[in-house]
Every structure is written in structure tokens, then in C-alpha cells.
Amino acid sequence: ACANKAQAQQMQGQLLGPSFKAGHLLRKGITVEPTEVEEQEVVIVGGGASGLAAARWLKKHSAKKILLLELESETGGNAAAGKNGHTAYPWGAHYLPLPNNSFTELLEFLQETNVITGFDGEGLPNYNEYYLCFDPEERLYIHNYWQEGLVPHWGVPEADQQQIARFQQLMEELKQAQGKDGKFAFDIPLGHSSADVQYRDLDKLTMLEWLQQQELTSEYLHWYVDYCCRDDFGSSIAHTSAWAGIHYFAARKARAANSESHRVLTWPEGNNWLVQRLRESCADSIRTNAMVYRVGEQEGKVVIDYMDLRTQQYKRLLAKQCVMATPQFVNQRLLSALPALLDSRNLRKFNYAPWLVANLTLKDVPRSKGFGLSWDNVIYGSKSLGYVYANHQQVALFPEKKTITFYHALADEAPAAARGKAYGSSYDTWKEFVLQELEKAHPSLREQVEQLDVWVWGHGMIRPTPGFIWGQDREMANMPYADKVYFAHTDLSGISVFEEAFYQGVTAARQLLSSKLA
Ligand SMILES: Cc1cc2nc3c(=O)[nH]c(=O)nc-3n(C[C@H](O)[C@H](O)[C@H](O)COP(=O)(O)OP(=O)(O)OC[C@H]3O[C@@H](n4cnc5c(N)ncnc54)[C@H](O)[C@@H]3O)c2cc1C
């Protein structure tokens, strides 16, 4: 115990997160009427993947003058990243599955950024080998052994393996299933999915209820599906809509010239690589450290009031049109000057899972029995989501230090209580939690850690609870307001992934360009 304490003391680290102070100011409410006023054509509020995708689209398809306001000192939102002396690493989103071939707008962006290097004779994309996740991709620590892949099989009884195989077969069938309207039952972007009630009604059940209906009761299978729901939605199978849970397995049907369809694209800094490319497409139109605190209307114009966090000055923008690329829990506060808009939507129905992410710089990753260190490393039975190896995509064979990114969705309590706990816990509490989780697979890990930083996302991602994806609240919140205010954020899709953020941005930009005012 003494040695442990000494090691822990040598470890450097800190607690980080999105601007908590700004969040507090917004909750308290700012009533200042700025005197400095500037005219703009289009203002985008929020510089995450959705806002940046909207800005890129407007720049590409119109001559409009745009300005994007971002609260933080960097754009990127949940796709944030950091770096140490050895590598970049993600603080949030870390991969993009190969997108569906029908999502042509995203494919076009990936071609622009050389992620797609060309197309073969059949029209299938060739993906850049540097960005396709290198082998070995995934391993699972189960029964004191690292097996290859995340679907449990090492030491798993035959009856459970049969259930897992039946589940996989069902998912394959649902991947190809089409509704009466001829659309895929599950597609991504989610808005392209069939409206057939046969499938949409699955949104009324939880994933757990659906598994039980199918008589799929294996604890190994339940753990695996629960892990997938926590990983993509930050919520357990008992709280995730069955439509969303199945969507995770059945929506992606990419075909590539040089890759199997299940592979993913990733970078040491995770999806921050993608948002940086989006940022480059509109870099001259971005204002960071700009905290918007009120959006209203005045003489036919949209009024956007913000505080310049560097100078502490309050400023006003008068815009012809505006895109709100901020989450709905923020919009609820920003839009209070537009009561007609707020009254028509029920933004309180949007609820979000808090997340904890830790980056650890290690002298080495301790070896244990079984399959070697992979990009994604998960521990069976743990409620955490394991870790991603940030150096994985580097070409250097023997990195001097290794950085791993640990993920944990706080899915076991109601979001508000979990959020309270997440913000209320000290750095030391979280550090100990992270170490203990990782020690389940690497008992000697502590000796290797030089740096351990922790990041808390209070509102990490939208939770697709039953009834939310195909319910009215999400639909209403997507509606533009008076040809002037448009909405783009992944929470409006009901699931939080880069593809949906990109789609939200493109859709809002298109709506804006086809409006009467445009
Ligand atoms: C821990 C974690 C892991 C994830 N992993 C993955 C993954 O591997 N792959 C994947 O595809 N997706 C992943 N996601 C989801 C993905 O990050 C999001 O879907 C996507 O990046 C969200 O983009 P967005 O623009 O819709 O929202 P956000 O990223 O929330 O962007 C909103 C922006 O608005 C800004 N803002 C907020 N308030 C104000 C204000 N008052 N004034 C001005 N600006 C404001 C914020 O600072 C932020 O930049 C993950 C998310 C988390 C939390």
C-alpha cells in the first residue's frame, strides 16, 4: 500500500472539462444589453462538428457572409483532443465507422480530405490506409485472458455462443430489412430510415425488453449488447430504445474497394482530425471564446448577444438568419427571448449522459496473457468501456511512451444524479476509479503511469430512451423558426455520432439556403 501511495504521488494529473464557468454564467442568466452592434448575414452558434459542417456547406454552396461563434477557445465540441510530448489523443469522439455509400455528402467530404483516395470501377471508395484502423483492432479481457475481438467467446459456454450467433444472424437480417416504403429499416443518417411502423414501433421498447422477447437471455450476450449501448449512447440496455440499440448493429452497410465493411477510420487525436478539416473550410469565419447568452428577434432580424470571454465585453450581432448548432439543454436558456419558439417545443425531454474520459501516459502497457495490445481494449464484466491506444495509428514501431484513453459512461444512475456526482468528485477520486478499473486487466499498471488527466463531460451525449427517436419532442425541436432560425446538433438525431452531426449541419444549411429569406 505504501508503494502504491508513493507511485500515485509521482503521478501528475489534473481534472479538465468544457467551460464550467461559462455554463454556470448561462444558468444564472445574463441580462446585459450590449451597446456594440454588428450586422451579419448568417450567424452559426456553436462550433462542434454540426456547426462546422453547416459552415462548410454554406461556404461551399453560397456566397453568404457567415460568422461562427464558439464558446471554447477551440472549435470541435465533443470531438476535443489533447497532446503530450509523444502523441495526440482524444478527449471525446475517437472513430468514424466506414460511412454508408448512400451518404454521398459525407463521402464527398472524405474525398476532399483524402480519407477517400479514389473510387474503383464499381464506384466503391478506396480508403486511405493510414486512416483505416491498423491491425490488431480489438481485444476483450475475459476469464483472465485477452481474446481477439469484442464478442465474448473465450471460455463462453456453448449455449451462450449459440445465442450470440442467433443474435448476430438477426442483426444481419435487420441490416437488409426494408419497410413498406422501400427504405432500409435502419439507416444512417437515421433520417433516411423507413417510416414503417413495423420497425419504428421498436422505439417503444427497451433493448432489454426486445432481447427478452426474442428469448435471448445469455448473460454474455447481454453484457456485450449493454457494452455497445453504453459505448454509443451512454445508456444501458435497460434504458436504451430497442430501435436505437438495433440501429447500432443494423444501420451500417458500407462497401469499400479496399476494406471490409466493419472497419473504422481513426487518428491518434480521434475525430478531432475530422473537425480540424471541417474547421479549415471556414477558418476565416470563426470567432472563439464567444459565449452566446441570448438569441432573440428585432425588426425582422435575429439578435445574437454574446460575451467575449477574452475581453469580458458584451456584443450584439444582428443577422438575417441563424443556425443554432448548440445542444437543446443550452438552447433552452439561449432562446428564452423567443417564447413563441420555446413554447412550441419540449426541450426538457432531451436528456444527456455524463461521461468520464481519462488519458494516461505510460512507460509501457503491462503485458498480460493472450492477444496483444490493440487499438480498442475492453474488459468483460466492467461497466467502463476499456481504453483506446492513442499511439496505435502512428507509424513508429516502438514509441518511447504509450498513451491510452479510458472511457466511462456514467450510465448507472439517472443523468442528473450522475452529473452531480461527476462534478462533485475530486481529481483524486476519479484517478483512483480509473486505476482500479484498469487494474482488473493490468494489475501492475500503476507502476507505469506518469501522467493521468481526467475530463468530465456533464452532458456528454443524448440518450435515446424509449419513445424519443420517433417521438414528437425530437421532431418539433428540429423545426426551423420563421425562416430565420435553424437547428443543427446531434441531439436532434437522438443518437450522438459524427455522421449524424455532419448530417445535421448539412440539413440545416440546406434548409436555410432554400428558405424564402435566402
Ligand atoms: C466521450 C465521448 C465519446 C464519443 N465518441 C464518439 C466516437 O468515437 N465516434 C463518434 O462518431 N461520435 C462519438 N461521440 C459523439 C460525438 O462527439 C458527437 O456526436 C459530435 O461530435 C457532436 O457534435 P455537435 O456539433 O453536434 O455537438 P457538440 O460537440 O456538443 O458541439 C456544440 C458546440 O457548441 C458550443 N457551445 C455550447 N454552448 C455555447 C454557447 N452558449 N455559445 C457558443 N457556443 C456554445 C460548444 O462549446 C460546442 O463546441 C462521442 C461523444 C463523447 C462525449
Side-chain angles (χ1 to χ4, degrees), residues 16-18 23 48-50 77-80 90-97 150 188 190 203 206-208 222-249 251 270-271 327-330 347-358 376 378-379 382-388 405-423 425 430 433-434 437 454-469 471 473-474 489-501 504:
L16 303 157
S50 313
N78 283 347
W91 276 124
H94 51 290
Y95 73 98
L96 170 68
L150 297 185
I188 194 153
L190 178 151
D203 191 37
T206 67
M207 192 61 189
L208 180 59
H222 280 210
W223 174 84
Y224 173 63
V225 180
D226 190 58
Y227 157 80
C228 295
C229 288
R230 285 167 186 266
D231 194 43
D232 240 36
F233 311 132
S235 65
S236 72
I237 43 173
H239 296 106
T240 301
S241 133
W243 193 93
I246 295 170
H247 183 269
Y248 175 93
F249 298 97
N271 288 6
Q328 308 319 304
F329 75 90
V330 172
L347 302 187
R348 287 185 191 282
K349 289 288 166 129
F350 285 69
N351 70 79
Y352 304 80
W355 275 73
L356 180 99
V357 183
D376 197 9
V378 179
I379 301 169
S382 164
K383 291 282 174 79
S384 296
L385 302 161
Y387 62 90
V388 164
T405 312
F406 166 89
Y407 286 92
H408 179 70
L410 283 85
D412 291 321
E413 282 176 88
R419 198 155 26 250
K421 206 184 247 179
Y423 286 138
S425 301
W430 283 129
F433 172 78
V434 173
E437 282 294 302
V454 177
W455 184 295
V456 173
W457 295 103
H459 295 80
M461 51 173 76
I462 187 74
R463 296 166 79 233
T465 47
F468 183 70
I469 299 262
D473 299 321
R474 188 178 76 85
H489 191 270
T490 36
D491 63 0
L492 294 169
S493 288
I495 64 170
S496 188
V497 288
F498 180 84
E499 292 118 299
E500 293 294 341
Q504 285 290 332

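Within the model, atoms CH2 of W430 and CZ of F406 stand 9.0 Å from one another, a figure rounded to the nearest 0.5 Å. Within the model, atoms OG of S235 and CG of D226 stand 9.0 Å from one another, a figure rounded to the nearest 0.5 Å. Here the CD1-OH distance, from I462 to Y352, works out to 4.5 Å after rounding to the nearest 0.5 Å. Atoms CD and CG, on E499 and L190 in that order, are 11.0 Å from each other to the nearest 0.5 Å. In this structure, CG in L347 is found 12.0 Å from CZ in F329, a value given to the nearest 0.5 Å. Going from atom CG of L150 over to atom SG of C228 covers 7.5 Å, rounded to the nearest 0.5 Å.
Looking at heavy atoms from C-beta onward, D376 lies out of side-chain contact with Y407 at the 4.5 angstrom threshold. No side-chain heavy atom of R230 sits less than 4.5 Å from a side-chain heavy atom of I237. The shortest side-chain heavy-atom distance between R419 and H459 falls under the 4.5 Å cut-off. Contact check for I495 versus I469: side-chain heavy atoms found under the 4.5 Å cut-off. A heavy-atom distance below 4.5 Å is not found between the side chains of W243 and P464. Under the 4.5 Å side-chain criterion, counting only non-hydrogen atoms from C-beta, W91 is in contact with L16. Taking the side chain as every heavy atom from C-beta outward, V497 and I188 approach each other to under 4.5 Å. Side-chain contact between M461 and T490: absent, with no pair of heavy atoms (C-beta onward) separated by less than 4.5 Å.
A 6.0 Å sphere centred on NE2 of H239 holds no more than 12 heavy atoms belonging to other residues, nucleotides or ligands.
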Run the numbers on S493 and E500 for side chain to side chain donor-acceptor pair (under 3.5 Å), then give the verdict.
CA-CA 6 Å; S493 288; E500 293 294 341; 2.8 Å; yes
Working for side-chain contact (heavy atoms from CB on, under 4.5 Å), residues T240 and Y248
CA-CA 11 Å; T240 301; Y248 175 93; over 6 Å; no
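Using a distance-only test at 3.5 Å, with no hydrogens or angles considered, no donor-acceptor pair links the side chain of D473 to the main chain of F350. A donor-acceptor contact shorter than 3.5 Å is absent between the side chain of R463 and the backbone of N351. In this structure, D203 contributes its side chain and P466 its backbone to no donor-acceptor pair below 3.5 Å.
The two residues A422 and L410 make their nearest non-hydrogen contact at CB-CD2, 4.0 Å.
Ring-plane geometry between W457 and W455 is classed as tilted, the angle between the planes lying from 30 to 60 degrees on a 0 to 90 degree scale.
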